Amino acid sequence: MPTITDVVCPLCGCLCDNISVEVEDNAVKKVSGACAVGRAKLLGHESRIRSPMIKEGGEFRECSYEEAIRRAAEILAAARRPLLYGWSSTVCEAHKVGILLAEVLGGVIDNTASVCHGPTVQAVQGVGLPTCTLGEVKNRADLIIYWGANPVEAHGNHMRRYSYISKGWFRPGGKKDRKLVVVDVRETRTAKMADLFIKVEPNKDYLVLAALRAIVNGFADVIPDEVGGVPKEKLVELAEMMKKAQFGIIFFGMGLTQSRYKHNNIEQAISLVRDLYAFTKFAIMPMRGHYNVTGFNQVCTWQTGFPFAVDFARGYAWYNPGETAANDVLSRKECDAALIVASDPAAHFPAESVKYLAKIPLVVIDPYPNLTTEIADVVIPSAISGIEAEGTAYRMDKVPLRLKKLVDSEFMTDEEILERILDEVLKIKGLR
Amino acid sequence: MAELLIKNGIVFDPINGVKGEKMDICIKDGKIVESVSSEAKVIDASGCIVMPGGVDAHTHIAGGKVNAGRLLRPEDGRKGLEPRTSVCRACSGYSVPNTFATGYRYAKMGYTFLMEPAMPPLKARHMHEELMDTPIVDKAGMPLLDNNWMTLQYVKSGDIEKLAAYIAWMINATKGYGVKIVNPGGTEAWGWRKNCGLEDPVPYFDVTPAEIIKALAEANERLSLPHSIHLHANRLGQPGNYETTLKTYDLVKDIKPSRDRQVMHATHVQFHSYGGTKWADFESKADEIAKYVNRHEHITIDLGAVMLGDTTTMTADGPMEYNLYLLTGRKWTNCDVELETGAGITPFLYSGKVPVNTIQWAIGIELALLVEDPWKVVLTTDHPNGGPFITYPILISLLMSRKRREEVMKEVHSVINQRAVLPTIERELDWYEIAIMTRGTPAKILGLHEHGKGHLGIGADADVAIYEISPEETDAGRIQKALLSAKYTIKGGEVVVKDGEVVAAPEGRTFYVDVRYEDEEVWKEMLGDLERMFKEYYTVSLANYPVQDHYVPKPYVIKAGAAE
Amino acid sequence: MQTITLEIREKVFEGVAKVPVELDGVTPDALCGKSADEIKEMRVWWGNRQEKLGDLFEVSVEGNAEKPDDVKIVCKGDFSVVKRVGEGMSAGEMIVEGNVGMHCGAMMSGGRIVVKGNAGCWAGREMRGGELIIEGDADDYLGAAYRGEMTGMTGGRIVVKGNAGDYVGYLCGGGEIIVEGNVGILAGLGMKGGRIVINGDAEAPGGEMTGGTLIVKGSIKDMLPSFRFESEEEIEGVKLKKYAGDLAMGKKAKGALYAP
């Protein structure tokens, strides 16, 4: 069987690029180097959407790509406030067409960051981000903190390839040369490995971080005996560990971005890292979920000036999460049509927003059937990026890698479908 | 492609010695030609100045660091909003414009070639993705090669041959243009929150910045690259750094250039020309720096001039940005890149009410006026560090008009009369000297003049800027207006700007150097070292590292070394 | 005195979606001395298209004025789908008889806005002067900064008779905000000047504040651990504890938080 090496895994923000796959009869038969979830995706046992479909009288009927694309274009071109959402499980080449389409339509474009690490982006816009690439952690870090993140279950190879368990230039002993701290609301599998586990009461991270900052900044005296369920001694111990580390890193997950005080948790955590520069070297990094959620934010930033939640109604980019993110325009019923690409908001958005999404004309581009395709009016199947189509993705530390095409596909790529929709929209608007 | 005839303009083409002569320029198939047929479209340039397209030798326009700056500053993004037009994509930003705005706004100023000077090799693909999305202009990027662990090890072992082989591999892998050096040793030290002076050993690597600079200069000449080393010296932005700067320049004075050019290009020298011992006695040492440059032939500089106002500072010099953050308390981003380099970003307001900022403003202008030979000086603001590139017309008007300088000097802090040289300088640059600093010198120092850039000789790229202004005009306001909105910009023979508006937005090309290192033994040994670095320490595989051709859809390849 | 009445038409509410209309540029400054016909011809954004103001609003004009100070604009009907009402106004008066959408009074530098109902998020964003009275509730980001800016409100006065949402006075640098009812999380977040008074309850007030005065008279949930108790003081007849902070910000923290 032909073996393809150095395959980049299109699953999570780790973008492990040391995967080998064996291909036979145009199918991936064997995968080595990937975590269990990555392997499952690469082996491709999930069911697929077989054909483009249009819903009529409440029932889907199969149709040609041409017909589905034309219908999609009609829906979008007619809309006064179309929403273009998703993007995190497809490649940057598709993002570029999507952003151009949003610009031509005068629509709102947003990616899944707005429901995962959007708060991180907002925090960065408040205070900045002292960060690094993952290899800096691998080679230098002697203190690794996971806060509201559980890589053992969510980012299978993260610790082995990039952090606690990996071996590096200045840390040849791997975990023997490092300390692991976990801060979370429950004792996760990651927490069980930790040298120090700090259990925080749910929704009190902001208070705990404020206390840590005050301690680091020389005001330990004002801190009460307990903050957010954590005894003061433990906070002082952690602050000392951080100050004494040679190179420390905080990896944080949705436990921090999606709990109470959201982006302010992140602002505090970033500010804590910045404050620690008075003593030592430190960095902080979000544990990004979907493999290319970072890529969309990058492309959207260089093309529009803003990372997500961009409203092109007036022909220029207006950015204001809270007003222009997907759930904002859905929950306030502002959008009158939607295009969802490579994402399943019906599974993740608040019930009211999903109910509204079902009421408006909805076009979905995705390789797989999901809850959102069920409520769609037009469904367009696409090739799986990173398996059936190549393209660019950005790792959680913003390192870009080129995904490979491993097998052929009967389906069009996201990029091709979007280009065809764009072409039809331009025709309808008399611009082509 | 259609023929064009630019008639009756006053032409400034320094590389060909054309100094304000009334002459016609003929264009065919994207190149300057001797003559065109009677079918040629005629552009009447009567009463206008005609120059080659501008070349910016140092401007941070694309890549991870620039994008981190955009992401950091939505408040800057909303300052430059422009809606989509039938030709242009939507624009945003002032000091950190989106890629589309970067291309359009440079083109409107008559610029047609841009050099991104700080590409982290690991993120080279990102820079190229942004360059692809920067319309109209041609461009290139220089990989950072001075804090790389491979470099540090070869410098330590004194192995210039392997260093040259490594540089060749990296320039090819990143589709890069030349060797960029940023705070050598200091950026690696920043991995431990430390910094390095010129003679300080780099932690754990036991080499000094001085050794790194010399070795890279030698390796650069060993490969006979089109550009010399491009150096951001140690101690940027620190009071009293001019002594380090002068010592740094002196390091390479005995190295023989492999081509007819400088051995070292020192960049954004304004930031390196500081006297005093602390902020309180901070003063200009532009005169000392200029004196050195005037007496030596191995060095060229660009200004990195400061223009007063708000901007975003960004550099691979991580410790410098942290220090700047400590001064302002504003937001701060840092990103260290494994085995290679780093980056720091923080917003900054240069205020004429602040003594230090006032002196910084003076120094950039002083350097341009005190260095006697304009062929040693490139006009830059180190965009966006000293100010956004769209302030170039303001900078040029200050260089051309003493009257305008005096007006500004009356408004800024009076410290300028004690601790800067500017009030005593009478020199006013003329259009020919401006053309040298914005076209001739940048093209020559980069080696681009051999590839059709920076001049209007027969066979050159038909990149032309036409400004509606008389060569006799001395009014600063009119100079600024003319330079900000070119009457015409022609790129590769196509009219892209007319009356200050973008009328066509073709894709530009990306220039990169294809350099071969010929000793197979050495090459193999270097590859062995490289493979080990990837296997043990990088977090990406060697096979996935080099930039694929896909990311340079419109390449222009310059061969160097054994590939030449 | 010129009184201009804008009554929103049913047309705006047709269909499933509530696409917002944006009313920036329709201020006493811009409308001063204009006739009803002229005003009807003005363009406003409704989603991705510009429409004639007169197509979306019934417009009537009484009297005339020579300067914006003498102009009063009355907004009738459900303006909860109308954004940017009074954005950037510098003089005169705007009365919204019911609820109003986002960004009401954003960047206003003078004049007066009265909202009889509730106001959407970012009311009084980056306000520099004038007065914004909200008789109902205000949503999140009252008198706040725009994303990424260093400073939000720098002057003027905002009064909310009901409750307000999260982030009241985010990055406040000057001016005054008074909320009669309760507020959400992080009132006075990052404030460095000005004065915010909350007569009701608050959650984690004063986070990251470095200056200014923040007074909470009701109860506090999640009092931040990083404030130092200084003294007891009586403010407007209520006995309160004075704290200095937020010490998470280190030595530069010079804010005053008054809490029960």
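All figures in this text were calculated on a predicted structure; none of them were measured in a lab. Residue numbers start from 1 in every chain, and the chains themselves are labelled A, B, ... in the order their sequence lines are given, proteins ahead of strands.
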Verdict with supporting geometry, B/H550 and A/E93, side-chain contact (heavy atoms from CB on, under 4.5 Å):
CA-CA 11 Å; B/H550 175 91; A/E93 288 72 10; 3.6 Å; yes
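- Note that CD of A/E136 and SG of B/C335 are 8.5 Å apart. Values are rounded to the nearest 0.5 Å.
- Of the listed residues (A/F170, A/W318, A/F247, A/Y162), the greatest number of heavy-atom pairs within a distance under 4.5 Å of chain B belongs to A/F170.
- Using a 4.5 Å cut-off between heavy atoms, B/Y204 contacts chain A through its side chain alone, with no backbone atom that close.
- Within the 4.5 angstrom heavy-atom criterion, no atom of A/Q122 approaches chain B.
- Residue B/E75: no heavy atom, backbone or side chain, is found under 4.5 Å from chain A.
- Looking at A/C92, only its side chain comes within 4.5 Å of chain B, counting heavy atoms on both sides.
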Working note: B/E188 + A/R140, criterion salt bridge (charged side-chain N to carboxylate O under 4.0 Å, His left out); need CA distance, chi angles, decisive distance, verdict.
CA-CA 12 Å; B/E188 165 52 31; A/R140 295 186 205 263; 2.8 Å; yes
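- Side-chain atoms of B/N67 come within 3.5 Å of backbone atoms of A/Q298 as a donor-acceptor pair (strictly under, hydrogens ignored).
- Comparing B/K194, B/E536, B/R193 by how many heavy-atom pairs each has under 4.5 Å with chain A, the most go to B/R193.
- Of the two parts of A/V8, only the side chain, counted from C-beta on, holds a non-hydrogen atom closer than 4.5 Å to a non-hydrogen atom of chain B.
- At a threshold of 4.5 Å between non-hydrogen side-chain atoms, the residues A/K281 and B/N334 count as touching.
- For B/R70 and A/W302, the positive end is not near the middle of the six-membered ring at less than 6.0 Å and at most 45° from its axis.
- Atoms CZ and OG1, from B/R73 and A/T301 in turn, are 14.5 Å apart once rounded to the nearest 0.5 Å.
- Between the side chain of A/N139 and the backbone N or O of B/L339, no donor-acceptor pair lies under 3.5 Å.
- The greatest number of non-hydrogen atom pairs below 4.5 Å with chain A, out of B/P120, B/P83, B/A343, is found for B/P83.
- Checked by atom type and distance alone, the side chain of B/K331 pairs as donor or acceptor with a backbone atom of A/Q125 at under 3.5 Å.
- Residues A/W169 and B/M533 have side chains in contact (heavy-atom distance under 4.5 Å, counting atoms from C-beta outward).
- Atom CZ of B/R125 and atom OG1 of A/T392 lie 8.0 Å apart (nearest 0.5 Å).
- B/T333 places a side-chain N or O within 3.5 Å of a backbone atom of A/L129 that can act as its donor or acceptor partner.
- Using modelled atom types and a 3.5 Å distance limit, the side chains of A/Q303 and B/D133 yield a donor-acceptor pair.
- Only the backbone of B/Y538 comes within contact range of chain A, with heavy atoms under 4.5 Å apart.
- Nearest heavy atom pair, residue A/D6 against residue B/N544, reads O-ND2, 3.1 Å.
- Inter-residue side-chain proximity for A/T133 and B/E340 is flagged as unmet; no heavy-atom pair is nearer than 4.5 Å.
- Chain A forms more heavy-atom pairs under 4.5 Å with one residue of B/A101, B/S92, B/G342, B/G191 than with any other, namely B/G191.
- Contacts of A/F282 with chain B are absent, with no heavy-atom separation under 4.5 Å from either backbone or side chain.
- Rounded to the nearest 0.5 angstrom, B/M132 CE and A/K96 NZ are separated by 4.5 Å.
- A/L134 CG to B/T539 OG1: the interatomic distance, rounded to the nearest 0.5 Å, is 5.5 Å.
- Residues in residues 319-330 of chain B take part in these salt bridge (charged side-chain N to carboxylate O under 4.0 Å, His left out) pairs, two or more places apart or across chains: B/D310-B/R330.
- In this structure, B/E338 and A/K138 have side chains that are not in contact, with every pair of non-hydrogen atoms separated by 4.5 Å or more.
- The backbone N or O of B/A90 sits less than 3.5 Å from a side-chain atom of A/E103, completing a donor-acceptor pair.
- Contact count against chain B (heavy-atom pairs under 4.5 Å) is highest for A/V104 among A/L431, A/I270, A/V104, A/N320.
- Top candidate by heavy-atom pairs under 4.5 Å with chain A, chosen from B/V66, B/L542, B/T99, B/T85, is B/T99.
- Side chain of B/S541 to backbone of A/N18: no donor-acceptor contact under 3.5 angstrom is found.
- Listed in order of number, the residues of residues 144-157 of chain B that approach chain A to under 4.5 Å between heavy atoms are B/W149, B/Q153.
- Only the backbone of A/R314 comes within contact range of chain B, with at least one heavy atom under 4.5 Å from a heavy atom of that chain.
- Counting heavy-atom pairs closer than 4.5 Å to chain A, the top residue among B/P74, B/G77, B/C91, B/G344 is B/P74.
- In this structure, the side chains of B/H126 and A/K398 stay at 4.5 Å or more apart for every pair of heavy atoms.
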Start with the C-alpha distance between A/F312 and B/R84, add both sets of side-chain angles, then the distance that settles side-chain contact (heavy atoms from CB on, under 4.5 Å), and finish with yes or no.
CA-CA 9 Å; A/F312 277 113; B/R84 172 184 175 74; over 6 Å; no
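- Contact annotation: the side chain of A/R274 approaches that of B/Y325 to within less than 4.5 Å [non-hydrogen atoms, C-beta and beyond].
- At least one side-chain heavy atom of A/P130 sits less than 4.5 Å from a side-chain heavy atom of B/W332.
- At a 4.5 Å heavy-atom cutoff, the contact between A/K167 and chain B is made by backbone atoms alone.
- Residue A/T280 touches chain B through its backbone alone, counting heavy-atom pairs closer than 4.5 Å.
- At a 4.5 Å heavy-atom cutoff, the contact between A/F306 and chain B is made by side-chain atoms alone.
- No side-chain heavy atom of A/Y319 sits under 4.5 Å from any side-chain heavy atom of B/R78.
- With a threshold of 4.5 angstrom between heavy atoms, A/I99 approaches chain B through its backbone and through its side chain.
- Looking at A/L100, both its backbone and its side chain come within 4.5 Å of chain B, counting heavy atoms on both sides.
- Only the backbone of B/E82 comes within contact range of chain A, with at least one heavy atom under 4.5 Å from a heavy atom of that chain.
- Residue A/K429 qualifies as enclosed at atom NZ: its count of foreign heavy atoms under 6.0 Å is above 12.
- For A/T304, the part sitting under 4.5 Å from any heavy atom of chain B is the backbone (N, CA, C, O) and nothing else.
- No part of A/T5 comes within reach of chain B, as not one of its non-hydrogen atoms sits under 4.5 angstrom from that chain.
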